[in-house]
Amino acid sequence: MTRAKAFSVLLSLAAYGLLGCHAALAEEFEATSGRTSPDYIRARLPDGSFKPETYAFGKGGYWGGPLHDKTIDAIGFLKIAHIMAVPLAAQHHVPDSDPKTTSLLIMVYWGTTHAPEHANESAEYENLMDAMSGNTLRGGADPISAYAAAAQAENRIRDMQNAQTAKLLGYDSWWEATFDARPGTPQAYRRKDMMNELEEYRYFVVLMAYDFQLLWKQRKHKLLWETRFSIREHVNSFDQQLPAMAEGASRYFGRDSGGLAHDTLPEGNVELGKIKDLGALPGK
């Protein structure tokens with residue numbers, strides 16, 4: 001094999017991710033959004049540290065990706081809760097199984113976002129396919145009009161799905177800030193960066209903390225704080241990166257991030273002990 005041919009093969013392998021060059025050389029960034037209710041104020045001890053706050057976990061649900069991914073499909077709620085407990089403890093949140101003394105119910109959601117799909121189910125798209133194959137268009141539409149209609153339909157679907165993903169991942173502040181960005185402006189480039197992130201598969205975790213006592217005694221839901229964090233799926237494994245994701249996002253547990261934050265993902269290393277099931281809450 002000549003040197004030129006060998007170099008060509010290396011480029012091809014790198015393009016398909018078979019060499020793992022990007023994963024080894026590039027830093028990984030985590031996107032995190034933290035929000036708090038105006039009513040949520042954490043008490044502090046005389047030394048200035050936060051007073052310990054008790055909580056119980058609740059299983060919110062799992063959103064599977066479009067493709068099989070054993071690094072997240074096989075991981076269960078108990079293991080995720082066990083991993084979350086470590087950075088929560090670092091922020092002085094302690095687990096409690098007594099409903100009389102528990103302050104927070106932290107609901108846990110996790111999964112993989114879906115990249116936007118093409119509008120190949122629309123009538124406009126079918127007209128476009130007919131035009132490209134030389135067939136007669138439905139309704140007598142001309143190829144140019146069919147192409148434009150299909151493109152508009154696809155853009156509408158992409159915008160709707162991107163808006164939903166932005167809300168899910170906590171990108172909505174970024175979405176709103178760049179919504180009317182003019183081409184060529186810094187805001188337009190920021191929006192392009194945002195779209196690039198939203199239109200790739202991303203692993204995510206959402207923690208939503210409710211007032212446990214209000215829920216238990218009066219059956220009323222009051223959200224006190226939420227933290228949403230995610231990383232791209234490409235070159236990552238959810239089960240391996242989850243401890244680092246949780247550690248990086250922990251600074252925003254019960255705190256407002258002031259919009260979407262991008263931080264370098266720390267190297268996570270969590271030793272898991274025996275997982276215990278604390279059982280169901282009374283009346284649940």
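The first residue in the sequence is number 1, and the count goes up from there.
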Which atom names give the shortest non-hydrogen contact between [X] and [Y], and what distance separates them?
X	Y	result
E30	A249	OE1-N, 3.8 Å
R251	G248	NE-O, 3.3 Å
R182	A188	O-CB, 3.2 Å
F253	A246	CZ-O, 3.9 Å
F212	A56	CE1-CB, 4.4 Å
F29	I231	O-CG2, 3.8 Å

Tell me whether [X] shares a hydrophobic cluster with [Y], the cluster being built from Ile, Leu, Val, Met, Phe, Trp, Tyr side chains joined at under 4.5 Å.
X	Y	result
V206	L198	yes
Y109	L168	yes
L224	F229	yes
F50	I41	no
L260	M195	yes

(Q) Between K51 and E53, does any NZ, NE, NH1 or NH2 come within less than 4.0 Å of an OD or OE carboxylate oxygen? (A)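 Salt bridge absent between E53 and K51.
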
Q) Is the shortest distance from a Lys or Arg side-chain nitrogen in R35 or E226 to a carboxylate oxygen in the other one below 4.0 Å? A)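 Yes, charged N to carboxylate O under 4.0 Å.
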
Q: Look at atom OH of Y189 and say whether more than 12 heavy atoms of other residues, nucleotides or ligands are closer to it than 6.0 Å.
A: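 At most 12 heavy atoms, drawn from other residues, nucleotides or ligands, come within 6.0 Å of this atom.
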
Q: Look at atom NE2 of H262 and say whether more than 12 heavy atoms of other residues, nucleotides or ligands are closer to it than 6.0 Å.
A: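 More than 12 heavy atoms, drawn from other residues, nucleotides or ligands, come within 6.0 Å of this atom.
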
Between [X] and [Y], is any pair of side-chain heavy atoms under 4.5 Å apart?
X	Y	answer
Q241	Y203	no
I72	W110	yes
H221	L215	yes
M208	I106	no
K79	L242	no
F204	R228	no
E28	N236	yes
L207	W225	yes

Q.
Could you work out, with salt bridge (Lys or Arg N to Asp or Glu O under 4.0 Å) as the rule, every residue matching K222, not counting sequence neighbours?
A.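 Partners of K222 by the salt bridge (Lys or Arg N to Asp or Glu O under 4.0 Å) criterion, ordered by chain and then number, come out as D39.
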
Nearest 0.5 Å, please: how far is [atom2] in [Y] from [atom1] in [X]?
X	Y	atom1	atom2	result
S250	R255	OG	CZ	8.5 Å
E233	T71	CD	OG1	7.0 Å
I75	K70	CD1	NZ	14.0 Å

Going by atom types only, do [X] and [Y] share a side-chain donor-acceptor pair under 3.5 Å?
X	Y	value
R202	T113	no
Y201	D69	no
S237	D239	no

Q) Think R191 forms a cation-pi with W174, using NZ or CZ under 6.0 Å from the six-ring centre and within 45 degrees of its axis? A) no

**Q.** All side chain to side chain donor-acceptor pair (under 3.5 Å) counterparts of D180, not counting sequence neighbours
**A.** none

**Q.** side-chain contact (heavy atoms from CB on, under 4.5 Å) between M107 and F57, worked out
**A.** CA-CA 6 Å; M107 301 299 295; F57 279 125; over 6 Å; no

Q.
Could you go through L104 and Y210, starting from their C-alpha distance and side-chain angles, then the distance that decides it, and tell me whether this counts as side-chain contact (heavy atoms from CB on, under 4.5 Å)?
A. CA-CA 6 Å; L104 301 175; Y210 292 87; over 6 Å; no

Q. Taking it one step at a time, do W216 and K100 satisfy side-chain contact (heavy atoms from CB on, under 4.5 Å)?
A. CA-CA 9 Å; W216 184 50; K100 295 180 180 180; 3.8 Å; yes

